Amino acid sequence: MLRIFNSLTNQKETFQPISPGKVGIYVCGMTVYDYCHLGHARVLVVFDIIVRYLRSLGFDVTYIRNITDIDDKIINRANEMGEDFLALTHRFIEAMHEDEAALGVLPPNVEPRATQSIDKILAMIETLVAKGNAYPGSGGDVYYDVSSFATYGELSGKRIEDLRAGARVEINESKADPLDFVLWKAAKPGEPYWDSPWGPGRPGWHIECSAMSTGCLGNHFDIHGGGMDLKFPHHENEIAQSEAATGESFVNMWIHNGFVRVSDEKMSKSLGNFFTVREVLEKYPAEAVRYLIVASHYRSPLNYSDQQLDQARTSLSRLYTALRCLPDARTTEASIDPAYGARFRTAMDDDFNTPEALAVLFDIAREINRAREENDELKATTLGVTLRELGQKLGLIQGDPAAFLQTAAQVSESGPDDETIEKLIAERTEARANKDWAKADRIRDELKVRGIVLEDGGGKTIWRREG
RNA sequence: GGCUGAGUGGCAGAGUGGCUAUGCAGCGGCCUGCAAAGCCGUGGACCUCGGUUCGAAUCCGGGCUCAGCCUCCA
């Protein structure tokens, strides 16, 4: 039975879909004014794994992840770049898709964009105004009236009085209450705009997610996710908007992932301590980045460093080494070993405990190696299939083992090419046949210095690159 | 100040009221021409002070420290 930590209740709950066999999940995606950084990578990978796992349990999953393609930051960046905002967002959407693909993240079923959902957004705002939950301010803005929603603060555990007391919110003349937030923002001259009953403007950030999520999944759906930092105010506001507008319960389960940190500080744009996915991928294999994310629980903080990525790569090498020289899973009839399959599932059923699931993979790897020492090829093959199939649920170890092991740890590193290596190995093999150990060892040492490790065994020599 | 969450071996990182996490690194052995990889074995931990309990690192309370949210942020 799958149990998930629900941020709304702060406890693990048994997952019960609203409609049997089906899951609707919405995740807050990117605001596309810059390249994805590792914090974004974590959201992408975490929810990719959650969706993969739900599907592997047999659920028919509808996965929605939006794109915020109009807001202040986008407008500012487009102005800085002297570029039309549509051209800017187009570029970064493409870049995001490239990063996702590199990280092995499967695309969502639907990827709605704010600029393509304006009619739904306006309809929801009109409903909120009609029901008395929103009001037009001066100057063409429309605000949500927080005091009109009795349970405001439920998700983040905040009370309206506390928020007011600690409010260092700037005084905005047209807001009735500093806690009220904007649903529709009037366009200044020269800014992109859409027409509305309140004049030309653009949607506020919070309302777009309410409109897109309910538009794609219905008024009441199973899971809503995103980074911890979106819990308040973004998700709090989404609940207030959606439930006031539809009169229905909005979301059953909220899932929030922890941050990526650098030197024990949150990685963020404002702190300037972020690494973009593409700059990291220039140095490390994408699978190592994915492994790093999977190796810690999604709610825990994840400390990022080069050493961590080196370790991730080394750990992956162990799994790939176990798979090396085994028949490809797809070419055999063998199926998953039931005992390991059950252990894996128990781990994942417990709030997607991927570190525990990885421990199962390493146990399988050890048993493969053991079987091989005992020349039990059949067992090794069966376990190899198990390892690959379970790895697939995490989006890991699907590549060719030799290719992974022979790819440089540091992508940018330039070592000898494959042909040169093979030639030197041939020379060394001849030297070894002549028992010219001095020469054989010299060749091996030379290659070692250049990052190439040789392994003799089974009458032949294989090689790999190491960091 | 209010609200969350966290403090585990050399490092990373799970879990558990009494039973090996796992990976990397260390140590001993096997294998090897020597190595590497692999296998076997092994050392090393639960922030602090109280309480509950036959027994707590695991549950409860106080303290200390750290991170996050309360303002855009995945």
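Keep in mind it's a predicted model, so treat the numbers as computed, not measured. The basis for the numbers below is simple: all heavy atoms, side chains too, and nothing from hydrogens, waters or symmetry mates. Letters A, B, ... are given to chains in the order of the sequence lines, protein chains preceding strands, and every chain is numbered from 1.
- Test T461(A), I425(A), L454(A) against R444(A) for side-chain contact (heavy atoms from CB on, under 4.5 Å) and you get one pass: L454(A).
- In this model, the phosphate group of rA37(B) is not approached by any side-chain N or O of R444(A) to a distance below 4.0 Å at OP1 or OP2.
- Listed pair N353(A) / rG15(B) meets the phosphate criterion, a side-chain N or O lying under 4.0 Å from OP1 or OP2.
- An OP1 or OP2 oxygen of rC73(B) is reached within less than 4.0 angstrom by no side-chain nitrogen or oxygen of T31(A).
- One C1' atom belongs to rG17(B), the other to rU58(B), and the distance between them is 6 Å to the nearest Å.
- The base of rG15(B) lies outside donor-acceptor range of the side chain of E356(A), with no N or O pair under 3.5 Å.
- Of the P atoms belonging to rA56(B) and rG18(B), the separation is 11 Å, rounded to the nearest Å.
- Between the side chains of E208(A) and T68(A), at least one donor N or O lies within less than 3.5 Å of an accepting N or O.
- Taking atom P in both rG43(B) and rA37(B), the straight-line distance is 23 Å, to the nearest Å.
- H297(A) comes within 4.0 angstrom of sugar-phosphate atoms only, judged by non-hydrogen atoms across all strands, and of no base.
- Rounded to whole angstrom, the span from the CG atom of D310(A) across to the P atom of rC24(B) amounts to 14 Å.
- Side-chain nitrogen and oxygen atoms of R318(A) include none within less than 4.0 Å of the OP1 or OP2 phosphate oxygen of rU22(B).
- Aromatic stacking is marked for W437(A) over rG33(B), as both cut-offs hold: 5.5 Å for the centres and 30° for the planes.
- Between R77(A) and E80(A) there is a salt bridge, since at least one side-chain N of the basic residue sits less than 4.0 Å from a carboxylate O of the acidic one.
- Dashed line: the shortest gap from a side-chain N or O of K266(A) to OP1 or OP2 of rC69(B) is under 4.0 Å.
- On a pure distance criterion of 3.5 Å, a polar donor-acceptor pair joins the side chain of D441(A) and the base of rG33(B).
- In this entry rG5(B) has rC66(B) as its Watson-Crick or G-U wobble partner, both defining distances falling under 3.5 Å.
- Nucleotides rA36(B) and rC47(B), compared at atom P, are 37 Å apart to the nearest Å.
- For the OP1/OP2 pair of rC39(B) and a distance below 4.0 Å, the side-chain nitrogens and oxygens of N369(A) include at least one atom meeting the criterion.
- With C1' as the reference atom, rC64(B) and rC30(B) are 49 Å apart, rounded to whole Å.
- In plain terms, the two heavy atoms of D180(A) and K175(A) that are nearest each other are O-NZ, 3.0 Å.
- The phosphate of rC73(B) (OP1 or OP2) has a side-chain N or O of W205(A) nearer than 4.0 angstrom.
- Nucleotides rG41(B) and rC31(B), compared at atom C1', are 15 Å apart to the nearest Å.
- Donor-acceptor pairing under 3.5 Å, judged by distance alone, is absent between the side chain of K73(A) and the base of rC73(B).
- One finds no side-chain N or O of R261(A) lying less than 4.0 angstrom from the OP1 or OP2 phosphate oxygen of rA67(B).
- Only the P atoms considered, rG61(B) is 13 Å distant from rA6(B), to the nearest whole Å.
- Protein atom CZ of F344(A) is 16 Å distant from nucleotide atom C1' of rA21(B), rounded to whole Å.
- Between R372(A) and the phosphate of rA37(B), there is no side-chain N or O to OP1/OP2 separation shorter than 4.0 Å.
- Using atom P as the reference point in both rC59(B) and rU8(B), the two lie 15 Å apart (nearest Å).
- One atom, CG of D264(A), and another, C1' of rG5(B), lie 14 Å apart when rounded to the nearest Å.
- Test L302(A), L292(A), V289(A), L103(A) against R42(A) for side-chain contact (heavy atoms from CB on, under 4.5 Å) and you get one pass: L302(A).
- Salt bridge status for R202(A) with D72(A): present, with a side-chain N to carboxylate O gap under 4.0 Å.
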